[in-house]
Amino acid sequence: MTTAEQQPQPVRQSPDSASPRPLALITGVGRTVGIGAGIAHRLAASGWDIAFSYWTPYDRRMAWGEEQGAAATIAASLAEQGARTATIEADLSAPDAAARIFDEAELAIGPVTALVLSHAESVDSGLLDTTIESFDRHFAVNTRASWLLIREYGLRFRAPAGTGRIVALTSDHTVGNLPYGASKGALDRITLAAAHELAHLGVTANVINPGPADTGWMNEEVEEACLRGTPLGRLGTPQDTAHLVDFLCSPQGQWVNGQLLKSNGGSA
């Protein structure tokens, strides 16, 4: 156990505070337009240091492709907000990735106070055409890696009781997207269990369903369908999700615990 002087200070609301900045570890920050990057920028503005992981080979497989230099661009922008940063490329399908990510974050900056799970494996397929390889990869990344990251966080957490935060992003989309939705549903259960199993640490754990967020993955047909199903008549943005994560990670968000929150504009 570290001394009170060595422990990270409670979550700050402003980077102007005299207290050291706490560290948020965010997974899935591989694109400048992504939800993970939006969360990183919002937390950096609220006084957090940021360590983030990404996996370029996943982006290369997807329709949007690799964004050259995205991690460096995001890190530079966070530094302009006063945050110390650490960028960690990691394949979350590897069982040892979680421990390595925490090792690198701690070595570069220090102990992690907030863990935000924004990563995802998401390849469209349904009941009849999902391959075993794809099914297993979805569960390795979305479910097993999330459990291992949460477990690693719980084993290493040393901040004062009441300051720790776990926030995971989920989805309820399963039709035509079976392995993604099923693996995210399992993620929900793991994260909500943490709200109780990590109670002795004074850590809160919540899940956010951001609904259809505009991060460049939608084709015209999907975008039109999402717009029709949203009462506000617009798509979600990374900033919409980031504002809720920011609140949950703040002292004011401490009483929200063990919840699955829909921040989706009322989309059906």
Side-chain angles (χ1 to χ4, degrees), residues 8-9 11-92 97-98 100-120 141 145 149 153 159 165-169 208 210 213-217 235-250:
Q9 297 300 306
V11 174
R12 299 186 307 135
Q13 287 301 290
S14 167
D16 296 327
S17 169
S19 299
R21 297 170 72 105
L23 173 61
L25 171 58
I26 309 171
T27 60
V29 188
R31 300 164 61 228
T32 58
V33 296
I35 292 177
I39 293 170
H41 283 110
R42 182 63 257 163
L43 290 180
S46 292
W48 291 79
D49 288 329
I50 306 292
F52 66 84
S53 74
Y54 64 100
W55 183 233
T56 303
Y58 171 71
D59 293 314
R60 293 194 193 119
R61 286 194 282 116
M62 306 306 289
W64 54 76
E66 177 184 354
E67 183 182 354
Q68 294 285 345
T73 299
I74 294 167
S77 180
L78 299 175
E80 289 176 357
Q81 296 176 301
R84 292 182 297 167
T85 65
T87 62
I88 307 162
E89 183 157 23
D91 178 5
L92 287 172
R100 182 173 70 80
I101 289 170
F102 269 86
D103 285 344
E104 293 192 25
E106 291 176 349
L107 181 63
I109 301 177
V112 174
T113 300
L115 172 64
V116 182
L117 302 175
S118 183
H119 67 274
V141 173
L149 286 160
Y153 175 84
R165 301 288 189 271
I166 298 170
V167 182
L169 302 191
I208 296 174
D214 184 10
T215 61
W217 61 271
L235 299 174
T237 69
Q239 290 71 35
D240 291 324
T241 305
H243 285 305
L244 181 52
V245 174
D246 188 33
F247 170 73
L248 291 174
C249 288
S250 74

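Atom set for the values below is all heavy atoms of this structure, side chains included, hydrogens, waters and symmetry mates excluded.
For the pair R42 (side chain) and Q239 (backbone), a donor-acceptor distance under 3.5 Å is absent. Remark: the backbone N or O of P22 is not paired with any side-chain donor or acceptor of D49 at under 3.5 angstrom. Remark: the backbone N or O of S46 is not paired with any side-chain donor or acceptor of R21 at under 3.5 angstrom. Between the side chain of H119 and the backbone N or O of L92 there is no donor-acceptor pair closer than 3.5 Å. Using modelled atom types, one side-chain atom of Y153 and one backbone atom of T113 make a donor-acceptor pair closer than 3.5 Å. Under the 3.5 Å distance criterion, the side-chain polar atoms of E106 are left unmatched by any main-chain donor or acceptor of V112. Side chain of T27 to main chain of S118: a donor-acceptor pair is present (N/O by atom type, distance under 3.5 Å, no hydrogens or angles).
A distance of 14.5 Å separates OH in Y58 from CD in E66, rounded to the nearest 0.5 Å. Atom CG of D59 is separated from atom OG1 of T56 by 6.5 Å, given to the nearest 0.5 angstrom. Note that CD1 of I101 is 4.0 Å distant from OG of S53, once rounded to the nearest 0.5 Å.
Tested against I26 for a side chain to side chain contact (heavy atoms under 4.5 Å, CB included), the candidates V245, L115, I39 yield a single pass: I39.
Heavy atoms only, all atoms of each residue included: I74 and A37 are closest at CD1-CB, 3.9 Å. Closest of all the heavy-atom pairs between A83 and W48 is CB-O, 3.4 Å. When every heavy atom of G38 is checked against every heavy atom of P238, the shortest pair comes out as CA-CB, 4.2 Å. Between C249 and V167, the shortest heavy-atom distance links the atoms SG-CG2, 4.3 Å. Across all their heavy atoms, P210 and I208 have their closest contact at CD-O, 3.4 Å. The shortest non-hydrogen separation linking L149 to F102 is O-CE1, 3.6 Å.
Contact check for R84 versus P20: no side-chain heavy atoms found under the 4.5 Å cut-off. I35 is listed as a side-chain neighbour of L169, based on a closest heavy-atom distance under 4.5 Å.
By the side chain to side chain donor-acceptor pair (under 3.5 Å) test, H41 pairs with S77, sequence neighbours left out.
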Stepwise side-chain contact (heavy atoms from CB on, under 4.5 Å) check, V116 with L25: CA-CA 6 Å; V116 182; L25 171 58; over 6 Å; no
Worked check of side-chain contact (heavy atoms from CB on, under 4.5 Å) between L78 and Q81: CA-CA 5 Å; L78 299 175; Q81 296 176 301; 3.8 Å; yes
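Salt bridge R31/E67: absent, no basic N to carboxylate O contact under 4.0 Å.
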